[in-house]
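Hydrogens, waters and symmetry mates play no part in the numbers below; they use all other heavy atoms, side chains included.
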Amino acid sequence: MYDVLLIPVDLSSTNESVLDAARDLAAPDHTRVVLHHAIETLQDEAPGEMDDFYADLQQEAEKKLGAWTSDLAEDGFDVDFMITYGERGPEITRVAEEQDADLLVMRSHRVGRDDPDSPVGTVSHQVAVFAPCSVHLVRP
């Protein structure tokens with residue numbers, strides 16, 4: 001049984017399948033669930049230049065994560081959410097370590113083994129390689 005599940009999410013509706021998978025892997029009376037959204041920051045911005053933009057993204061993320069948190073709490077889970085800023089792959093693995101996660105549950109794009117244009121190096125690929133814990137990838 002898992003003690004801490006970390007669920008990195010973007011803000012799309014495709015995360016519903018990830019949340020369903022997490023419900024199947026967790027026990028409401030045992031597992032702590034942490035929803036995490038990493039807001040990707042731009043590299044060459046001047047300090048303060050994008051504050052309004054990031055504030056809008058944070059507000060949107062809080063609304064969506066709050067709704068998912070409520071849904072999971074209604075199912076009996078001890079659940080919380082967090083929003084961080086930075087490059088998504090490294091942020092997710094950092095948060096997994098910080099939260100002492102037993103399992104990461106996240107969605108992943110399908111990649112074609114024989115397709116040279118398949119997106120190897122995606123965020124889910126980075127996380128699967130560098131995570132400090134096991135990773136469960138949910139395919140659409």
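R88 and A38 get closest at one heavy-atom pair: CG-O, 3.7 Å. When all heavy atoms of V135 and A131 are compared, the closest pair comes out as CG2-CB, 3.6 Å. Minimum heavy-atom separation, A21 to V138: CB-CG2, 3.7 Å. Across all non-hydrogen atoms, the minimal contact from L35 to W68 is CD1-CB, 3.6 Å. Scanning both residues, Y85 and Y54, for their nearest heavy atoms gives OH-O, 3.7 Å. The two residues F77 and A26 make their nearest non-hydrogen contact at CE2-CB, 3.4 Å.
No continuous path of hydrophobic side-chain contacts links V123 to V18 [ILVMFWY only; heavy atoms under 4.5 Å]. Connection of L137 to V127 is established within a shared hydrophobic cluster, with ILVMFWY side chains joined at heavy-atom distances below 4.5 Å, either directly or through further cluster members. No continuous path of ILVMFWY side-chain contacts below 4.5 Å connects V95 to V33, so the two sit in separate hydrophobic clusters. Cluster annotation: L6 and I83 are assigned to distinct hydrophobic clusters (Ile/Leu/Val/Met/Phe/Trp/Tyr, side-chain heavy-atom contacts under 4.5 Å, transitive). Residues V79 and L25 share a single hydrophobic cluster, defined by chaining ILVMFWY side chains whose heavy atoms lie under 4.5 Å apart.
Within a 6.0 Å radius of CZ in F81, other residues, nucleotides and ligands contribute more than 12 heavy atoms. Environment of CZ in R107: crowded, with over 12 heavy atoms of neighbouring residues, nucleotides or ligands closer than 6.0 Å. Counting heavy-atom neighbours within 6.0 Å of D24 CG, excluding the residue itself, gives a total above 12.
At a threshold of 4.5 Å between non-hydrogen side-chain atoms, the residues C133 and L103 do not count as touching. Side-chain contact between L65 and M82 is absent, with no heavy-atom pair separated by less than 4.5 Å. H125 has its side chain within reach of V129: a pair of non-hydrogen atoms, C-beta onward, lies under 4.5 Å apart. Using a 4.5 Å heavy-atom threshold, the side chains of S17 and R139 count as separate.
Here S124 contributes atom OG and L104 contributes atom CG; the two are 11.0 Å apart, rounded to the nearest 0.5 Å. Distance OG1/T84 to CD1/I39: 8.0 Å, rounded to 0.5 Å. The CG atom of D20 sits 11.0 Å away from the CG atom of N15 when rounded to the nearest 0.5 Å. Atom OG1 of T69 sits about 9.5 Å away from atom CG of L19, to the nearest 0.5 Å.
For the residue pair H37/D10, the side-chain donor-acceptor check at 3.5 Å is not satisfied. Defined by atom type and a distance below 3.5 Å, a donor-acceptor pair is present between the side-chain atoms of R32 and Q99.
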Side chain to side chain contact (heavy atoms under 4.5 Å, CB included) for D100 and V4? Distances and angles first, verdict last.
CA-CA 7 Å; D100 200 23; V4 180; 5.5 Å; no
Take M106 and I7, measure what side chain to side chain contact (heavy atoms under 4.5 Å, CB included) needs, and give me the verdict at the end.
CA-CA 6 Å; M106 65 186 296; I7 307 173; over 6 Å; no
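A salt bridge is defined here as a Lys NZ or Arg NE, NH1 or NH2 lying under 4.0 Å from an Asp or Glu carboxylate O, and R94 with E98 meets this definition.
No side-chain donor-acceptor contact under 3.5 Å links D102 to the backbone of Y2.
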